[in-house]
Amino acid sequence: MLDLIVKENKQLNNQYFLLILGSPDELPEMYPGQFVEVRVDNSPETFLRRPISINFVDYKRNELWLLIQIIGEGTRKLSTCKQGDLLNLLLPLGNSYTIPTNEDSKLLLVGGGVGIAPLLYLGSKLKEKGIICDFLLGGRSKYNLLQLEEFSNFGNVFTTTEDGTYGEKGFVTNHSILTNKKYDLIYSCGPTPMMKAVAAYAKSKNTECEVSLENTMACGFGACLCCVTDSVDGHVCVCTEGPVFNTSKLKW
Amino acid sequence: MLDLIVKENKQLNNQYFLLILGSPDELPEMYPGQFVEVRVDNSPETFLRRPISINFVDYKRNELWLLIQIIGEGTRKLSTCKQGDLLNLLLPLGNSYTIPTNEDSKLLLVGGGVGIAPLLYLGSKLKEKGIICDFLLGGRSKYNLLQLEEFSNFGNVFTTTEDGTYGEKGFVTNHSILTNKKYDLIYSCGPTPMMKAVAAYAKSKNTECEVSLENTMACGFGACLCCVTDSVDGHVCVCTEGPVFNTSKLKW
Amino acid sequence: MVDLKVKLGQVELKNPVMTASGTFGYGTEYQDFIDLSRIGGIVVKGTTLRSRQGNAYPRMAETPLGMLNAVGLQNKGVDYFVNNIYPTIKDFETAIFVNVSGSTIDDYIITAEMLNDLDRIPGIELNISCPNVKEGGMAFGTSCLSASQVVREVRKVYKKEIMVKLSPNVTDIAEIALAVEAEGADSISLINTILGMAINAEKRIPVLSTITGGLSGPAVKPVALRMVWQVANAVKVPVIGMGGIMNATDAIEFLLAGASAIQIGTANFIDPTVSIKVLEGIEDYLKRHNFSSVNDIIGALEV
Amino acid sequence: MVDLKVKLGQVELKNPVMTASGTFGYGTEYQDFIDLSRIGGIVVKGTTLRSRQGNAYPRMAETPLGMLNAVGLQNKGVDYFVNNIYPTIKDFETAIFVNVSGSTIDDYIITAEMLNDLDRIPGIELNISCPNVKEGGMAFGTSCLSASQVVREVRKVYKKEIMVKLSPNVTDIAEIALAVEAEGADSISLINTILGMAINAEKRIPVLSTITGGLSGPAVKPVALRMVWQVANAVKVPVIGMGGIMNATDAIEFLLAGASAIQIGTANFIDPTVSIKVLEGIEDYLKRHNFSSVNDIIGALEV
Ligand SMILES: Cc1cc2nc3c(=O)[nH]c(=O)nc-3n(C[C@H](O)[C@H](O)[C@H](O)COP(=O)(O)OP(=O)(O)OC[C@H]3O[C@@H](n4cnc5c(N)ncnc54)[C@H](O)[C@@H]3O)c2cc1C
Ligand SMILES: Cc1cc2nc3c(=O)[nH]c(=O)nc-3n(C[C@H](O)[C@H](O)[C@H](O)COP(=O)(O)OP(=O)(O)OC[C@H]3O[C@@H](n4cnc5c(N)ncnc54)[C@H](O)[C@@H]3O)c2cc1C
Ligand SMILES: Cc1cc2nc3c(=O)[nH]c(=O)nc-3n(C[C@H](O)[C@H](O)[C@H](O)COP(=O)(O)O)c2cc1C
Ligand SMILES: Cc1cc2nc3c(=O)[nH]c(=O)nc-3n(C[C@H](O)[C@H](O)[C@H](O)COP(=O)(O)O)c2cc1C
Ligand code: FES
Ligand code: FES
C-alpha cells in the first residue's frame with residue numbers, strides 16, 4: 001500500500017483521462033498485465049477500491065501511468081484529481097502477460113477501447129527484449145482510439161473503428177492484417193465480446209492467446225473470492241490467477 | 001434551497017474559519033438568530049446537512065457569513081472549501097431573536113466560543129434600529145475569542161477568558177459588568193452550561209433572557225421531530241419553534 | 001407522454017412517488033420547496049389515539065449513510081388531526097394517507113374508525129412496525145399472529161384502503177405479508193426502520209435516549225430491496241417499496257423488484273425537493289427505454 | 001503499558017482484534033501487508049466437509065457504504081485444509097479459528113471432528129448463519145430449535161472452543177444466543193451478513209447471480225451494534241462483535257456494547273493494514289482515558 005502523487009491529469013477527451021503518478025521513492029518492479037487497486041477518496045458512492053491496469057511505468061522518472069475511462073462515480077471522481085493530490089494504491093497486483101524468450105517471436109497485441117491500457121506497457125517491455133510487435137487497436141470511433149503516438153514508439157500500429165472515422169472500418173477481428181500475417185502469440189485486452197472474437201480467431205489459426213479479464217473485484221489480492229471466472233480448474237480468482245489467462249484455460 | 005459560491009474561506013486559527021458566501025442573485029431576508037442547513041458534499045462520513053447560524057449578512061454585496069468551529073468530519077470538510085466552490089444551503093431557517101421596539105433598551109448579548117456567531121448579526125441589526133448594545137464574549141482562552149473587531153463596530157465589547165489570556169479572567173457570568181449594569185433583555189448563545197448560567201443570572205435580576213439552542217437536527221425545517229427540547233408546552237422543535245427561546249419557556 | 005398512473009388496491013395514484021410517514025410532516029413543511037400536487041401521494045405523520053410527547057432528546061444519530069431515529073410517534077392524537085390538521089391539508093391535490101399506530105388493538109380500531117369519514121383521506125397506512133415505542137408498535141408486526149389480529153380488527157371498522165406497513169426486524173417477512181394479506185390488507189408497504197444502535201465512544205454512552213432506534217437511509221437499501229422482492233413475489237396485493245431511496249435509479253430498482261409505488265423518507269431531509277427529482281427521473285427512464293407506462297417496469301426484473 | 005489480553009472462554013487472545021472469516025483468506029494473503037503475529041486472532045475461510053465451487057459469478061455488488069457478497073463458501077474441503085493449508089499456517093503466532101459450515105448436521109459433526117486434533121487451532125467458529133448457500137447455512141441459525149441442535153451435536157465431538165456465529169436475519173437474536181449458550185457454546189460471534197439485494201436498473205437484472213446476497217460493511221454497523229448489545233446483555237459467555245468495523249472508534253463501540261473481542265471483515269479489502277490500525281487505536285484510547293486494561297471497557301456503556 002502506498003501513496004503516489006498526481007503529477008499530471010491529462011484529459012484526453014471527455015471520456016478518457018491519463019493519470020501520471022509520481023513517487024519520491026523507487027517504484028517496485030511491475031510486470032505488464034498487472035494492475036493496481038486505487039482508493040477513491042471523498043466519494044460517498046465509492047466504497048471499494050477500483051482496479052486499474054498498469055498503462056506504463058517510467059522507472060527513470062518514477063512515474064506510473066493509469067489510463068482511465070469514465071464509467072461511473074469512482075472513475076468520474078478520479079477524473080477530477082488535481083496535480084499534487086495523493087492517491088492511495090495497492091500495487092502491483094495480479095499475474096502478467098507472458099514475455100516470450102525468443103526474440104523472433106511474431107506477436108500481435110489486440111486492444112479495444114480502454115482495454116488498450118496494459119498493452120502499451122507490454123509493448124514497451126517487448127521492445128526492451130528486442131521484440132517489435134504489431135498493435136491492433138480498435139474503437140467505436142476515432143474518439144476511442146487512444147495513445148496512438150505512444151504505441152507507435154514500441155511497435156507497428158494498426159487500427160479499426162466501427163464507424164470508419166479512423167483506420168480500417170469494422171471490428172478488430174475484421175482487420176486485413178489478420179488475413180495477411182501469422183503470429184506466434186496473440187495478446188488481447190478489451191470488452192469481453194471482442195476478446196472472445198480474438199480468442200476464436202486465434203484458435204482457428206492454432207495460435208496461443210492470452211486475454212486479460214476485468215471481473216468486478218472487492219479486494220484485488222485474493223482475499224474475498226468475489227472475482228472468480230470459470231476455468232478448466234473450476235472457479236479461479238481473476239485477481240490472483242489472472243487477470244491474464246491463456247484462453248485454453250477458460251471455458252470460452 | 002440554493003447554491004451559494006464560496007467567495008472566501010478565512011482560516012481564523014486552526015479551530016475556526018469564516019466562510020464568506022456570495023450570490024449573483026439577491027439574498028432572501030434573514031433575521032438574527034436564524035440558521036442555514038449546509039449540505040456537505042464529497043464527505044462519506046457526513047450524511048445529513050449541518051446547521052450553522054447566520055453570522056452576518058451584507059445585503060449590498062450579497063454576502064452571507066458563516067463562522068464555523070471544526071468539531072468533526074462535517075465541519076472539517078467545510079473548512080477545506082475553496083474560493084469558487086458551491087455550497088448548497090437551505091435558508092433561512094428557524095425563528096429569531098426579539099428586536100425591541102424601544103430604542104433606549106439596555107441590551108446585553110452574551111456569547112461563548114463559536115456561540116458568538118449569531119450575535120454579530122443581531123448586534124448589527126440592533127444598531128440599524130439605533131440601539132448600541134453591550135457584547136459580553138467569553139472563551140477558554142484568547143484563541144477562542146473571535147471577530148472582536150467586527151463586534152466593536154456594533155456595540156461595546158467586554159470579554160472574559162477562563163485562562164486569563166485576554167479580558168477578565170473567569171466565566172462570562174463572573175464579568176464585572178454584570179454587577180455594575182442592569183439590562184432590559186439579555187440574549188445568549190454558546191455552550192449549554194454557559195447559557196444556563198446566564199439564564200440563572202437573568203432570572204435573579206428579573207431580566208428577560210433569550211437563548212439559542214443547538215440540538216442535533218436531521219432536517220432543520222420541522223419535518224423529522226428529532227430536534228426537540230422540553231418546554232412548558234411539552235416537546236417542541238428547536239428548528240422551527242427555536243432555535244431562540246425565551247428561557248421562561250424552557251424547563252431550565 | 002408516458003403514463004405514470006399506478007393502482008394501489010382501491011386507490012389510483014397519479015404517479016408512483018409517495019413520501020414516507022414521519023419524514024414529511026403533514027406536507028405543509030414542504031410547501032415552500034415543492035408543488036405538492038405533483039407527487040403521487042403523501043403519508044402523514046404517525047397518528048395515535050391519544051396525544052404523545054414521544055421519546056426524550058436525543059432522538060437522532062447519524063450513521064454511515066443513514067440515521068437512527070427514536071422520535072417515538074410524537075403527535076397530538078387523532079382528534080387533533082381530524083379537527084385541526086385535516087382541514088388545513090385536505091385540499092392538497094395528492095392522495096393523503098394517514099399512518100396509524102397504536103399500543104393496543106383497541107387503539108388501532110378507534111383511531112381507524114375516526115378517520116373513516118374524512119373524505120379526502122383515501123386510506124390509512126397501518127403501522128405495525130414502529131421500533132421506537134415501548135408498548136405495541138413493532139411487536140404487532142413481528143409475529144404473524146399479532147399482525148393478522150390487528151389487520152382483522154381494523155378491517156372490520158375501516159372501509160377504505162388499508163395499507164399495512166411491515167417491520168423488517170423479522171426472520172421471514174413474506175410470511176407476515178401473507179398473513180396480513182389474508183386478513184384483507186389492500187396493499188403492503190415496507191420497510192419501516194431496522195432496529196439499530198449508536199454509541200458515543202468518547203463519552204461511553206448511547207447516543208439515543210432510548211439506547212436503540214430505527215435505522216433508515218441508503219444504508220438500508222439493499223435489505224429493503226430484498227424484502228420488497230420477497231414480499232412482491234409472495235403476495236397478490238400491490239406492494240409499496242421504501243428504504244433508502246435517494247434518487248430515481250433507487251426508485252426504479254424498487255419498481256423492478258415488484259413495488260407498484262415507492263415512498264421516500266430520509267432523503268427528504270437532505271433534499272426537500274427530492275420527490276420531484278425522483279418523479280422526473282422515472283419519467284426520463286421510461287422514455288429513454290421506450291416504455292409507455294410505468295406499469296411496464298413494475299416487477300419487470302429479469303431473473 | 002496497557003493490558004490488551006482478553007479471554008474468550010477457554011482461549012486467551014493477546015488482544016481483542018481478530019479478522020473475520022471469508023475476508024482474510026488463510027492469513028497468507030495479508031502477509032505482505034502486516035505482521036500477522038500482532039493481531040489477536042484470525043478466523044479462516046468458511047470450511048465445509050467437501051470441496052465447494054461456490055456460486056456463479058457475479059458474486060459481489062457494491063452498495064451504499066457496504067457490499068453484498070454471494071461467494072457461497074467456495075473452499076477445497078476440510079481434508080484439503082487439514083493436509084495442505086494447515087501446515088502452511090500453523091506457525092502463525094496468533095490464534096487461528098476455523099469457520100465451519102455445513103449443509104447437514106452430519107457435515108458439521110464430521111468437519112468439526114476432523115479439526116479436533118490440529119494442535120494450533122484452539123477452536124472453531126460454527127457458522128450457522130451463511131446466507132449464501134441453498135441448503136443449510138443460514139437456515140440453521142434462524143430458529144432456536146435447529147441452532148440448538150447443531151451446537152448440541154458438535155459439542156459432543158469437538159473438545160476445544162466452540163464459537164457460534166449468529167445470523168442477524170432473525171426476529172429475536174438474543175433468543176437464539178441463549179439457545180446455543182444452553183447447548184455449550186463457549187462464545188458467540190455476531191453478526192454474519194444481512195440478506196440483501198442489488199439491481200442493475202439499466203439492464204433490469206439482479207447484480208448477483210444468486211439474486212440476493214449478504215450485506216457487510218459500515219452500512220450494517222448500527223444493526224450489528226444493537227444485536228451485540230442485546231446478546232451481550234442476554235448471555236454469560238463472551239461475545240465477539242463484528243459488522244462494519246472500519247476503525248478503532250467503531251471497534252471500541254462494540255467493546256463498550258459488551259463484546260470481549262471484535263472481528264474485522266470488509267474493511268480489510270479497502271485497507272489490508274486496518275487490523276493493526278484498529279489495534280493501535282484501541283491502545284491509544286485506553287491510554288488517553290487512563291484504563292489499564294481493555295477489560296475495563298468491555299460492556300462499560302453507561303445507560
Ligand atoms: C484487472 C482490471 C483492470 C482494469 N483496468 C482498467 C483500466 O486500465 N482503465 C479503465 O478505465 N478501467 C479499467 N478497469 C475497469 C474499471 O475497474 C471499472 O471501469 C471501474 O471500476 C468502474 O468504477 P466506477 O465507480 O467508475 O463505476 P461503477 O459505478 O462501479 O460502475 C458503473 C457501471 O459499470 C459496470 N461495471 C463497472 N465495472 C465493471 C466491470 N469490471 N465489469 C463489468 N461491469 C462493470 C457496472 O455494472 C456499473 O453499473 C479494470 C478492471 C479490472 C478488473
Ligand atoms: C441552530 C444551530 C446553529 C449552529 N450554529 C453554528 C455555528 O454558527 N457555528 C458552528 O461552528 N457550529 C454551529 N452549530 C453546531 C454545528 O451544527 C455542529 O458543530 C456541527 O453540526 C458538527 O458537525 P461535524 O460533522 O463537524 O461533527 P460531528 O461528527 O457531527 O460531531 C462530532 C461530535 O460532536 C458532537 N456534536 C455535534 N453537534 C452537536 C450538537 N449540535 N449538539 C451536541 N453535540 C454535538 C457529537 O456528539 C459528535 O460526537 C449550530 C448548531 C445548531 C443546531
Ligand atoms: C425521523 C423519522 C420518523 C419516522 N416516523 C415514522 C412514523 O411515524 N410511522 C412510520 O410508519 N414510519 C416512520 N418512519 C419510517 C419511514 O416512514 C420509512 O419507513 C423509513 O425511514 C425507511 O425509508 P427511508 O430510508 O427512505 O427513510 C420514520 C422515519 C424517520 C427517519
Ligand atoms: C466476501 C465475504 C465472504 C464471507 N465469507 C464468510 C464465511 O465464509 N463464513 C462466515 O462465517 N462469514 C463470512 N463472511 C461474513 C464476515 O465474516 C462478517 O461476519 C461480515 O462480513 C460482517 O463484518 P464486516 O461488516 O466487518 O465485513 C463473509 C463476508 C464477506 C464480505
Ligand atoms: S477481488 Fe478479492 S479475491 Fe479477487
Ligand atoms: S430538525 Fe427536523 S424537526 Fe427539527
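The structure displayed is predicted, hence computed values, not measured ones. Chain identifiers are assigned alphabetically (A, B, ...) following the order of the sequence lines, protein sequences preceding nucleic acid strands; residue numbering begins at 1 within each chain.
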Next item on the list: Answer yes or no: are there more than 12 heavy-atom neighbours, outside A/Phe171 itself, under 6.0 Å from its atom CZ?
Entry: no
Next item on the list: Over all heavy atoms of both residues, which pair between D/Glu62 and A/Glu45 is shortest? Give the atoms and the distance, please.
Entry: OE1-O, 3.8 Å
Checklist line | Close contacts, residues 261-274 of chain D versus chain A, judged by heavy atoms under 4.5 Å | finding: D/Thr266, D/Asn268, D/Phe269, D/Ile270, D/Asp271, D/Pro272, D/Thr273
Item checked: Main-chain N/O of A/Val228 paired with D/Arg59 side-chain donor or acceptor, under 3.5 Å -> no
Margin query: Below 4.5 Å, heavy-atom pairs only: which of A/Ala223, A/Gly234, A/Gly220, A/Cys219 has the largest tally toward chain D?
Written below: A/Ala223
Item checked: Heavy-atom proximity to chain A below 4.5 Å, by part of D/Phe24 -> backbone
Next item on the list: Evaluate the side-chain proximity of A/Thr216 to D/Tyr57: yes if any heavy-atom separation is below 4.5 Å, no if none is.
Entry: yes
Notebook entry, point to check: Is there a donor-acceptor pair closer than 3.5 Å between any side-chain N or O of D/Gln74 and the backbone N or O of A/Leu225?
Noted result: no
Check: Of the listed residues (D/Lys45, D/Gln53, D/Glu29), which shares the most heavy-atom pairs with chain A below a 4.5 Å separation?
Finding: D/Gln53
Note to self: Can you confirm whether D/Arg204 is buried at CZ, in the sense that more than 12 heavy atoms of other residues, nucleotides or ligands lie under 6.0 Å from that atom?
What the structure shows: yes
Item checked: Heavy-atom neighbours of D/Lys277 NZ exceed 12 at 6.0 Å -> yes
Next item on the list: Please say whether more than 12 non-hydrogen atoms of neighbouring residues, nucleotides or ligands are located less than 6.0 Å from CD in D/Glu93.
Entry: no
Note to self: Taking NZ in A/Lys7 as the centre, count heavy atoms belonging to other residues, nucleotides or ligands within less than 6.0 Å. Is the count above 12?
What the structure shows: yes
Check: Which answer fits D/Tyr30, side chain, backbone, both or neither, if we ask what part of it has an atom under 4.5 Å from a heavy atom of chain A?
Finding: side chain
Next item on the list: Please state whether the side chain, the backbone, both or neither of A/Asp230 comes within less than 4.5 Å of a heavy atom of chain D.
Entry: neither
Note to self: Which heavy atom of D/Gly54 sits nearest to which heavy atom of A/His235, and what is that distance?
What the structure shows: O-CE1, 3.8 Å
Checklist line | Contact check, side chains of A/Pro44 and D/Leu65, non-hydrogen atoms, under 4.5 Å | finding: no
